[in-house]
Amino acid sequence: MLDVQLLRNELDDVVNRLKQRHYVFDVERFSVLEKERKQVQMATQELQAQRNALSKDIGQAKAKGLDATSLMEKSHTINAELETAQQALSSIQSQLEEILLSIPNLPHSSVPVGDSADQNVEVRRVGQPREYSFTPKDHVDLGEGLMMMDFNRASILSGARFSVLKGPLARLHRALTQFMLDIHTQEHGYQEAYVPYLVSATTLKGTGQLPKFEADLFKVLREDADPLYLIPTAEVPLTNFVQDTIVEEAHLPLRLTAHTPCFRSEAGSYGRDVRGLIRQHQFDKVELVQIVHPDTSYTALEELTRHAETVLQRLELPYRVMLLCTGDMGAGATKTYDLEVWLPGQNAYREISSCSNCEAYQARRMQARFRNQKNKPELVHTLNGSGVAVGRALVAILENHQNEDGSITIPQALQPYMGGIKVLKRS
RNA sequence: GGAGAGAUGGCCGAGUGGUCGAAGGCACUCCCCUGCUAAGGGAGCAUGCGGUCAAAAACUGCAUCGAGGGUUCGAAUCCCUCUCUCUCCGCCA
């Protein structure tokens with residue numbers, strides 16, 4: 001959520017910057033509503049002030065044993081007016097609120113302007129894609145060849161876009177999460193957390209998934225209670241650790257990590273990546289979240305991105321870092337780096353991590369603040385990044401470390417987590 | 001699932017219809033005092049939104065005592081519904 005003051009005072013500038021990310025802001029509607037709001041709010045508050053004063057007078061009159069009938073009649077009249085005014089005000093305010101909640105964040109000045117992923121800028125490339133003396137297979141052929149990946153069974157259990165892993169490949173999946181969590185907790189200073197996978201609408205509103213992106217979520221209806229939603233990423237519960245709280249400045253930055261499953265309905269993505277593990281309704285991810293002082297959020301973004309990169313480096317996976325252009329960023333972000341891992345099976349770099357600074361966008365929605373030097377509450381900045389997507393890391397390992405006979409060499413760094421298994425091969 | 005108790009500011013905690021945005025304490029900030037990382041004295045100290053303003057400061061209005069509704073001229077206080085927390089019983093991994 002943007003600061004309303006910004007919209008009131010620098011509307012033209014904001015509108016132009018939003019255009020860069022294809023958001024068309026209805027200036028006319030906002031201006032009219034805002035003008036009404038000001039007028040109605042002032043009138044309402046004036047009436048409330050009058051009512052309060054009258055009530056006080058009535059109290060005093062009664063205390064002195066005087067007759068307060070005429071004062072009470074006056075108060076009745078005011079209350080009737082107030083009723084109408086309050087209804088008008090709350091209608092206007094909820095309309096403004098709705099607008100405000102749907103506006104995306106403003107891109108940082110260092111972000112390239114562009115329409116689509118084509119205008120993203122490559123920042124650096126790390127590692128050389130291997131030369132193969134044979135035609136590399138994709139992860140589906142490899143996994144099914146090993147008899148350890150079963151999409152057929154998954155579709156019987158749940159339908160499309162689910163998967164079943166078996167045997168050492170399932171273990172590899174588990175090993176990856178342990179490995180990633182160990183790096184981030186032991187080397188990068190993150191606190192590990194275990195969090196709910198079902199969260200409330202309020203929580204999702206805090207991080208920006210609601211109200212605008214409800215279609216992407218799995219919703220769990222309950223008979224006698226509000227619905228809950230399956231988390232689309234651990235960013236949601238982790239970032240909301242500071243929902244509605246004031247943190248001591250000395251406690252910043254907060255660095256949090258968690259391994260969770262993520263559930264995405266991916267409405268609108270049908271037809272893309274239908275084959276394999278790349279795009280699933282359920283996948284695991286190790287998430288990194290930082291809650292920081294506003295002065296340090298861009299340094300923190302660089303660090304956080306490096307933290308995610310470390311994982312790929314240790315797994316000996318070639319990748320590149322992309323700076324997303326204005327048209328390709330998520331709604332809450334001011335600046336985003338995507339890590340794209342090399343997939344020989346697709347002969348392409350594919351996203352495996354996305355690291356974003358959201359500045360105060362989420363903090364304002366969550367009312368997440370810290371007490372600054374002047375002892376005043378001030379909004380924190382929030383960052384999040386995948387550190388990294390487990391399913392896609394598994395894909396990358398299969399494809400990059402495959403051998404001609406269809407076996408997979410486990411990278412050195414992962415071997416301690418595999419109980420002595422160095423190679424995955426068909427038994 | 002059953003029975004009971006509770007929810008007040010950063011924290012603890014008083015407050016059963018008016019002058020209560022809320023006593024007192026802790027923490028925090030500033031000042032004074034003090035022969036030394038302690039003690040004492042004084043002052044300040046909730047959040048959100050609005051208005052005056054280019055903005056800040058300052059001043060001022062409104063709202064907020066778990067949430068939502070109701071009674072009333074007036075609600076932290078009375079009534080209803082809900083949520084959450086705690087204790088005991090049952091059930092369960």
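Just the heavy atoms: all of them, side chains too, but no hydrogens, waters or symmetry mates, feed the values below.
- Atom CG of Asn372(A) and atom C1' of C45(B) are 14 Å apart (whole Å).
- Here Lys38(A) reaches the OP1 or OP2 of G51(B): one of its side-chain N or O atoms lies under 4.0 Å away.
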### Message
Walk along nucleotides 59-78 of chain B from 5' to 3' and tag each nucleotide B, S or - by protein heavy-atom contact under 4.0 Å, base first, then sugar-phosphate.
### Response
--BSS---------BS----
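- A straight line from CD1 of Ile246(A) to P of C28(B) spans 17 Å, rounded to a whole angstrom.
- Sequence order on RNA chain B of the closest nucleotides to Asn9(A) and Val4(A) puts Val4(A) first from the 5' end.
- The closest donor-acceptor contact from the side chain of Arg21(A) to the backbone of Asn105(A) lies under 3.5 Å.
- Side chains of Leu288(A) and His184(A) form a contact here, defined as non-hydrogen atoms less than 4.5 Å apart.
- Applying the Watson-Crick and G-U wobble criteria (two distances, each under 3.5 Å), G74(B) pairs with nothing in any strand.
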### Message
For a side-chain hydrogen bond (donor to acceptor under 3.5 Å, both in side chains) check, start with the C-alpha distance between Thr203(A) and Ser200(A), then their side-chain angles and the critical distance, and finish with the verdict.
### Response
CA-CA 5 Å; Thr203(A) 298; Ser200(A) 68; 3.1 Å; yes
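- With both pairing distances under 3.5 Å, U64(B) is matched to A46(B) as a Watson-Crick or G-U wobble pair.
- For the pair Arg365(A) CZ and G48(B) P, the interatomic distance rounds to 18 Å; values are reported in whole Å.
- Phosphate proximity of A27(B) to Arg371(A): absent, as no side-chain N or O sits under 4.0 Å from OP1 or OP2.
- Close to G48(B), at under 4.0 Å from its OP1 or OP2, lies a side-chain N or O of Arg369(A).
- What separates CD of Glu378(A) from P of A56(B) is a distance of 14 Å, to the nearest Å.
- By the 30° and 60° cut-offs, the orientation of the rings of His281(A) relative to Phe218(A) is perpendicular.
- Atom C1' of C26(B) sits at a distance of 37 Å from the matching atom of C80(B), rounded to the whole Å.
- Using the six-membered ring where Trp is involved, His188(A) and Tyr190(A) have ring planes that are perpendicular, over 60° apart on the 30 and 60° scheme.
- Residue Gln5(A) has a polar side-chain atom (N or O) positioned under 4.0 Å from OP1 or OP2 of G50(B).
- Atom-to-atom, CZ of Phe370(A) to C1' of C28(B) comes out at 16 Å; the value is rounded to the nearest Å.
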For residues 408-419 of chain A, which side-chain N or O atoms pair as donor and acceptor with protein atoms under 3.5 Å away, sequence neighbours left out?
from, atom 1, to, atom 2, distance (Å)
Thr409(A), OG1, Asn403(A), OD1, 3.4
Thr409(A), OG1, Asn403(A), ND2, 3.0
Gln415(A), NE2, Ile410(A), O, 3.0
Tyr417(A), OH, Asp182(A), OD2, 2.7

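- Checking side-chain atoms of Thr296(A) against main-chain N and O of Val292(A) turns up no donor-acceptor pair under 3.5 Å.
- Between the P atoms of A14(B) and G66(B), the separation comes to 14 Å (whole Å).
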